[in-house]
Amino acid sequence: MKEYEGSFKALKHKQPQRKSTTKRRFLRKSVASVLLLNLLCFSLAPVMALAEGEQTESTSTESTTTETTTVQTTATSIPSVNSLGLEVSSAILLEPVSGQILLNVNGDQPLPPASMTKMMTEYIVAELVKQGKFSWDDVVTVGKNAAQTIGSRIFLAEGDQHTIEELYTAMAIASANDATVALAEHVAGSEQAFVKMMNDEAKRMGMNTAHFANSTGLDIADMPEGFRPADGQETVMSALDAAILAKYIVTDHPDFTRFTTIQSKKFRERDTSPMVNLNWMLEANKEVTNFKQFAYEGLDGLKTGHTSNAGNCFTGTAERNGMRLISVVMGTASDKARFVETRKVLDFGFNNFETKQIVPPKTTVAGTETVTVKKAKNTEIPVVTDQAVSFVVPKGADTSAVQPTVTLADEGTLTAPLKQGTKVGTVTYSFKAPGMDQTLEKTVNLITAEDAEKAGWFKLMMRAIGEFFSDLFNGIKNLF
């Protein structure tokens, strides 16, 4: 040790002072570089582990519900429509929730709909009341057009005053033409201005063949002179159009039965007899002697129609075991026949089909369990469907072949924070049921199953460093 110290001192005395200072600086820089390199190496380990841990954590997250399908026994054999022996110009059977058409006989053919036209008047008035633009208690003053309107009516005189609700009731259950015109003029100022509203609504609803000439369904020649449309074009509507219109009524105004199930009611207290509902198929009529042969279980609406050009028509709706169906028959030979034919159509639906839930709400779609959300604490966020998916299928149908097709939003647009329930894409479920020509489809949203909270600055920095070195390593690896 003494030898070493002596040698060191001798060496020190032999070197100039400036060279000694330079050497010490070089030594300090070398030590600092080594320490910095070690710091980076040791810091990378937790960063890479953190990134790997986040990925593991997100992929191991379990959603509350997993995708399920139900396997049933062999489906019921669906009879042919021809076997029903329908005596109609056209007919449609539709399930309003899915929009599925279960029976179609010339359903796209535009025909005069008679008083089924009033369903559009009913929809518009009810919608305006719902929006608060009118009230059921608002008083309507009857004008000349309404007072002169013929056909089914309650004999309103010009200047009479009645509430919207009173006139609406007369229109719904007794198909009163004069009450209908009075409502149309009160809402729009004139019947033809109201007709424009009707045609605009028909276009919005997708009623592709419908054209309205008036609010009632009367032939133009039967309208009062001076109030007829200038173009002379008659009202037409296909059975499918009528079913679509009825679908909007039962969907947007589920309280429609408040009016349509009234069996009879006096319009005025002084009237000697009440208005009688022209819908003989109401379930409540099963105790009424004259109508009990037509009463149908679950039937609670909707609208009859008759003119010499249209023949007899009926849009009916009934609900059984949680499934509602809408039927339309047009061009039957008599008022009784429209109900007889409607029974055939509805029986075809209720006897052979059922509503089956294919996918429950909050379901995870296999292969799309998560989406990547930038800047989130956990970058992989679980996603689920926002609602259930149900199809109307033949009874006993095997629905295990349902196929989901996922469309996700651009992940570059998904940045934390995101609230639970944020839409991040859609999934379309498709199914071709045995015995049905159409492929059933329904699209629902994919939503986040939990909040995507934004990560703190330190975590984001460490993640960025980890991604940088990961990319660098992969780039070097690809060189070889």
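Atom set for the values below is all heavy atoms of this structure, side chains included, hydrogens, waters and symmetry mates excluded. All of these numbers come straight from a predicted model, not from anything done at the bench.
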Item to check | Pair K344 + D347: basic N to acidic O under 4.0 Å | outcome: no
Item to check | Parallel, tilted or perpendicular: ring planes of F291 versus W280, cut at 30 and 60 degrees | outcome: parallel
Item to check | 4.5 Å side-chain heavy-atom contact, M323 and K356 | outcome: no
Checklist entry - Do D300 and R258 meet the salt-bridge criterion of a basic N to acidic O distance under 4.0 Å? => result no
Item to check | D241 side chain to M237 backbone, donor-acceptor under 3.5 Å | outcome: no
Item to check | Exam field: side chain T121 to backbone S215, donor-acceptor pair closer than 3.5 Å | outcome: yes
Checklist entry - Between Y296 and R320, is there a cation-pi geometry (under 6.0 Å to ring centre, at most 45° from the normal)? => result yes
Checklist entry - Strictly by modelled atom types, are S175 and K303 linked by a side-chain donor-acceptor pair under 3.5 Å? => result yes
Checklist outcome for this item: Those residues at least two apart in sequence (or on a different chain) that pass salt bridge (charged side-chain N to carboxylate O under 4.0 Å, His left out) with D200 are K196
Item to check | Ring geometry between Y123 and Y248 (parallel below 30°, tilted from 30 to 60°, perpendicular above 60°) | outcome: perpendicular
Item to check | Heavy-atom pair with the smallest gap, counting every atom of D219 and E234 | outcome: CA-OE1, 3.6 Å
Checklist entry - More than 12 non-hydrogen atoms from neighbouring residues, nucleotides or ligands closer than 6.0 Å to CG on N321, yes or no? => result no
Item to check | Of T443, T407, T405, the residue whose pairing with T428 passes side-chain hydrogen bond (donor to acceptor under 3.5 Å, both in side chains) | outcome: T443
Next on the checklist: Side chains of K118 and N177 only: does a donor on one sit below 3.5 Å from an acceptor on the other?
Outcome noted: yes
Checklist entry - Is there a side-chain contact between I173 and L278 (heavy atoms, below 4.5 Å)? => result no
Item to check | Residues T169 and E166: side-chain donor-acceptor under 3.5 angstrom | outcome: no
Checklist entry - Is the backbone N or O of T149 less than 3.5 Å from a side-chain atom of D178, with the two atoms forming a donor-acceptor pair by type? => result no
Item to check | Pair S190, E185: side-chain N/O donor-acceptor within cut-off below 3.5 Å | outcome: no
Checklist entry - What's the verdict on side-chain contact (heavy atoms from CB on, under 4.5 Å) for M330 and M116, showing C-alpha distance, side-chain angles and the deciding distance? => result CA-CA 10 Å; M330 301 182 72; M116 292 196 308; 3.9 Å; yes
